[in-house]
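Presented below is the structure to which this report refers.
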Amino acid sequence: MTATADTMPVTDLKQTATALIARKRFIAFAAPAVILAYFIYLFFAFDIPGLVERARMDNARILVADSYSYKTHITHDNRSGGLSFAIEGENKGTYPESMIPDFVTRNGDDSVDIALKARESAQIDGSTLRYIRPDYGTVTVTVEGRDIILDTPDGEVPDWISASNARVNITGAGGRAIVTRARTEVYRYSFGWELFWFTLDSPFYGKGFGELAGLALSGDRVVADKSNLAAMVHDFWNNAMWRHKDVIWAIFETILMAFLGTMGAALVALPLAFLAARNFTRLMSIRFAVRRFFDFVRGVDGLIWTIILSRAFGPGPMTGALAILITDTGSFGKMFSEALENVDNKQIEGVSSTGAKRLQRYRFGVIPQVTPVLLSQILYYLESNTRSATVIGAITGGGIGLLLTQAIITQKDWEEVSYYIVLVILMVIAMDWFSGWLRGRLIGRNEAH
Amino acid sequence: MAETTIGQSVGAERTTEIQDAYMAMTRTKRMYGGIMLVIFIALMTSGFMLADSRNAGGFWDGILNVFNFPGEVVKEASEKITLLPALMVKFFPSLIETINIAAASTLVGGLIAIVLSLLSTRGLARFPRLIGLFRRLMDIMRAIPEIVVALVLIFVLGGGPVPAMIAIALHTTGALGKLFSEINENASLKPLEGLESTGATWAQRMLLGVVPQVAPNWLSYALLRFEINIRASAILGFVGSGGIGYDLKNAFSWGQGRYDEVAAIFILLFLTIVFFDQLSSHYRNKLVGKV
């Protein structure tokens, strides 16, 4: 009798154990299978096969090549004559009359020799272009009236030249040339971010670091009414090609948006959080209303707030700051009220036993308890909002996000895009470090991790 | 008798001394607190004024117009209220795409984050010398804003959901990797020793020894991330590629006459976010246990 009574639970136990293991085994196989099935579904839902066809690998090459190199355009105007030299073909990068790039030798008014890379060279002589490849020979392209005449050593057109009667493209290993009726252009690629420090019209252009340091210390003034150092800073700061002034301002605006938004949200959320916390507001209806308000603000989402606010306030950092402020009021309100519900009542009782009034009880009994939690959340959001401010800036039109989208949309200034990306990453890392440091100083190291 | 009075006066002296010292300390503390407060207020006001001056429309003009646009949207939507359900059905596929982007990027990012987090946790790492490298890798992934990656990828891959997916997945990897490795640090090493004694490989040790300990916490963070990623994928759609954000941008830039579509998308987005917010917080509470 007792024996059967003992064995019954044992078989029971065995059964539950088997069932449990069977369930675990099922999950162990089912979960990966479901994930795999989902990926297969996505493969078609996202049209991956079509994507492979649509992908523009040539764009990727341009992007990568452009981000670390620049090209100099040497242009001959075939209609009215005259040569011009410009970095990236931009007005801002055009060499002044007296200056030519060091790889160009002038033979006459309308004639230059251009040393390209990979031992190639090109020669512009009036409306005639000679492109010389060492292992191939000389390609001659001449513009005569309405005709473009292409002449190769063996009379055939190789695959690196594309020619029609309106346009000839030569893509060599060390440069490119494009001939149309209007103009003959030779591109030479060079390494680096040209004109990053000084533009061509600055007297400091092309000087090495040592030379600049020497100039900065010397008393002879290059620019009449300024000291050398001030002139250097001025020329760098107002660089028309890279627009350092605007870029630094944009970075600052982005940080400003994050700061104003985060701190403003915390200031708005703190009093509201008291109204949403169970132990501070006895009235159920107020608590409910405030909580639904937090949920609503959070649910509407930053994107929608940004759109609504950008209609009312126009583009700029204020709009972005307000969008962050409103969205985060919801998140902060929720987190703060949870923190407030977890406070220890003993401290509040102690403070109230000294005859403290309501506000004093909050100030001395509650705030000291929740400050570390609140601060660490605020600082975490400050860092994360720096990133959000970049995106919000792209939507509302302010800060580094705007510059970045503009530069990407033009699809040619990839060196500027990479410059902005580097700055954005540095900005986020700096804010990450700063908020960690501040957290460590304010509430102690062990929480900082 | 005389001795006690001397003792009392010495005691009283000590007390006043202590009190003075305490009051002095409180005063310095209060002063620092006051200075911090003044600096903070100065920063806030000057920042506010600066932001106001650099904004196209001023704050005080704008604050009066805040309700104009929502008012217009509500007015037009209420005029065409019968069309709203049909519009919501029309935009439902885009909504699914937005959710898919978020889910796929959370999954991909989460799976990579698991590997990276195990590789960068002291005591668990396969290559202990490379811990620093993997950590910096995650730091960089976390630091790059999604929009940067998305816009660059749109240039190469063309529009659509994939650039947004990759961009969000990259960021998710960095963010989850850090959180996961913090969880991993609390895992007990004893099961690992047991497994090692049976000759288990690193992958087996991780799969059988670590994963069962930390999986609920991982899942909880991943759910939270999923909720964040839905918002991110809607925003990225607005800026460039795929999903309901893109439809919103089209309807919005069309302006008046299409505000019924704007309203429909607002409602869809709001409901989705609230739904997944509730869902994820419900399951997170269940997984970790409400404190």
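Source: prediction; values computed, not measured. Chain naming here is simple, since letters A, B, ... match the order of the sequence lines and numbering starts at 1 in each.
Annotation for B/Tyr246: atom OH does not count as buried by contact number, only 12 or fewer foreign heavy atoms lying within 6.0 Å. A 6.0 Å sphere centred on OH of A/Tyr380 holds no more than 12 heavy atoms belonging to other residues, nucleotides or ligands.
A pairwise comparison of heavy atoms in A/Ala339 and A/Val373 identifies CB-CG1, 4.2 Å as the closest pair. Across all non-hydrogen atoms, the minimal contact from B/Ser120 to B/Met138 is OG-CE, 3.3 Å. Considering all non-hydrogen atoms of both residues, A/Ala323 and A/Thr306 come closest at CB-OG1, 3.7 Å.
With a 4.5 angstrom heavy-atom cutoff, A/Ile308 touches chain B via backbone and side-chain atoms both. Residue contact with chain B, scored on non-hydrogen atoms closer than 4.5 Å, involves the backbone and the side chain of A/Phe296 alike. If you measure heavy-atom distances from B/Val262 to chain A, you find no contacts under 4.5 Å at all. With a 4.5 angstrom heavy-atom cutoff, B/Phe275 does not touch chain A via any of its atoms. With a 4.5 Å cut-off on non-hydrogen atoms, A/Thr405 touches chain B through its backbone and its side chain both. Looking at B/Leu236, neither its backbone nor its side chain comes within 4.5 Å of chain A, counting heavy atoms on both sides. When heavy atoms are compared at a cutoff of 4.5 Å, B/Asp277 approaches chain A solely by way of its side chain, counted from C-beta outward. Neither the backbone nor the side chain of A/Ile409 comes within contact range of chain B; no heavy atoms are under 4.5 Å apart. Interface remark: A/Ile392 contributes no atoms to any contact with chain B (heavy atom separation under 4.5 Å). Proximity to chain A is absent for every atom of B/Met49, based on heavy atoms less than 4.5 angstrom apart. In this structure, the portion of A/Ile408 lying under 4.5 Å from any heavy atom of chain B is its side chain and not its backbone. When heavy atoms are compared at a cutoff of 4.5 Å, A/Asp301 approaches chain B by way of both its backbone and its side chain. Both the backbone and the side chain of B/Phe155 come within less than 4.5 Å of a heavy atom of chain A. No part of A/Leu426 comes within reach of chain B, as not one of its non-hydrogen atoms sits under 4.5 angstrom from that chain.
Inspection of the B/Asn55 and A/Thr319 side chains reveals an N or O donor paired with an N or O acceptor under 3.5 Å. Side-chain atoms of A/Thr262 and A/Asp328 include no donor-acceptor pair closer than 3.5 Å.
Salt bridge annotation for B/Glu227-B/Arg284: present, with a cationic side-chain nitrogen under 4.0 angstrom from a carboxylate oxygen. Here B/Arg135 does not pair with B/Glu182 in a salt bridge; the nearest charged N to carboxylate O distance is not below 4.0 Å. A salt bridge links A/Asp47 with A/Arg54: the distance from a Lys NZ or Arg NE/NH1/NH2 to an Asp or Glu carboxylate oxygen falls below 4.0 Å.
In terms of heavy-atom pairs under 4.5 Å with chain A, the best-connected choice from B/Ile265, B/Leu107, B/Leu271 is B/Leu107. Among A/Val391, A/Val424, A/Ile48, A/Ile429, the residue making the largest number of heavy-atom pairs under 4.5 Å with chain B is A/Val391. Comparing A/Ile304, A/Thr390, A/Val428 by heavy-atom pairs within less than 4.5 Å of chain B, the highest count is held by A/Ile304. Among B/Pro161, B/Pro70, B/Gly160, B/Gly245, the residue with the largest count of heavy-atom pairs under 4.5 Å with chain A is B/Pro161. With chain A as partner, the option from B/Val108, B/Leu151, B/Asn100 having the largest number of non-hydrogen pairs under 4.5 angstrom is B/Asn100. For the options B/Ile147, B/Val156, B/Ile273, heavy-atom pairs under 4.5 Å to chain A are most numerous at B/Val156. Chain A forms more heavy-atom pairs under 4.5 Å with one residue of B/Val274, B/Leu50, B/Asp139 than with any other, namely B/Leu50. Each of A/Gly299, A/Gly314, A/Ser384 has some count of heavy-atom pairs under 4.5 Å with chain B, and the biggest count is that of A/Gly299.
For B/Tyr221 and B/Phe180, the gap between ring centers reaches or exceeds 6.0 Å.
Ring geometry for B/Phe252 against B/Phe238 counts as tilted: the plane angle lies between 30° and 60°, on a 0 to 90° scale. Taking the six-membered ring for Trp and thresholds of 30 and 60 degrees, A/Trp249 and A/Phe252 have ring planes more than 60 degrees apart, a perpendicular arrangement.
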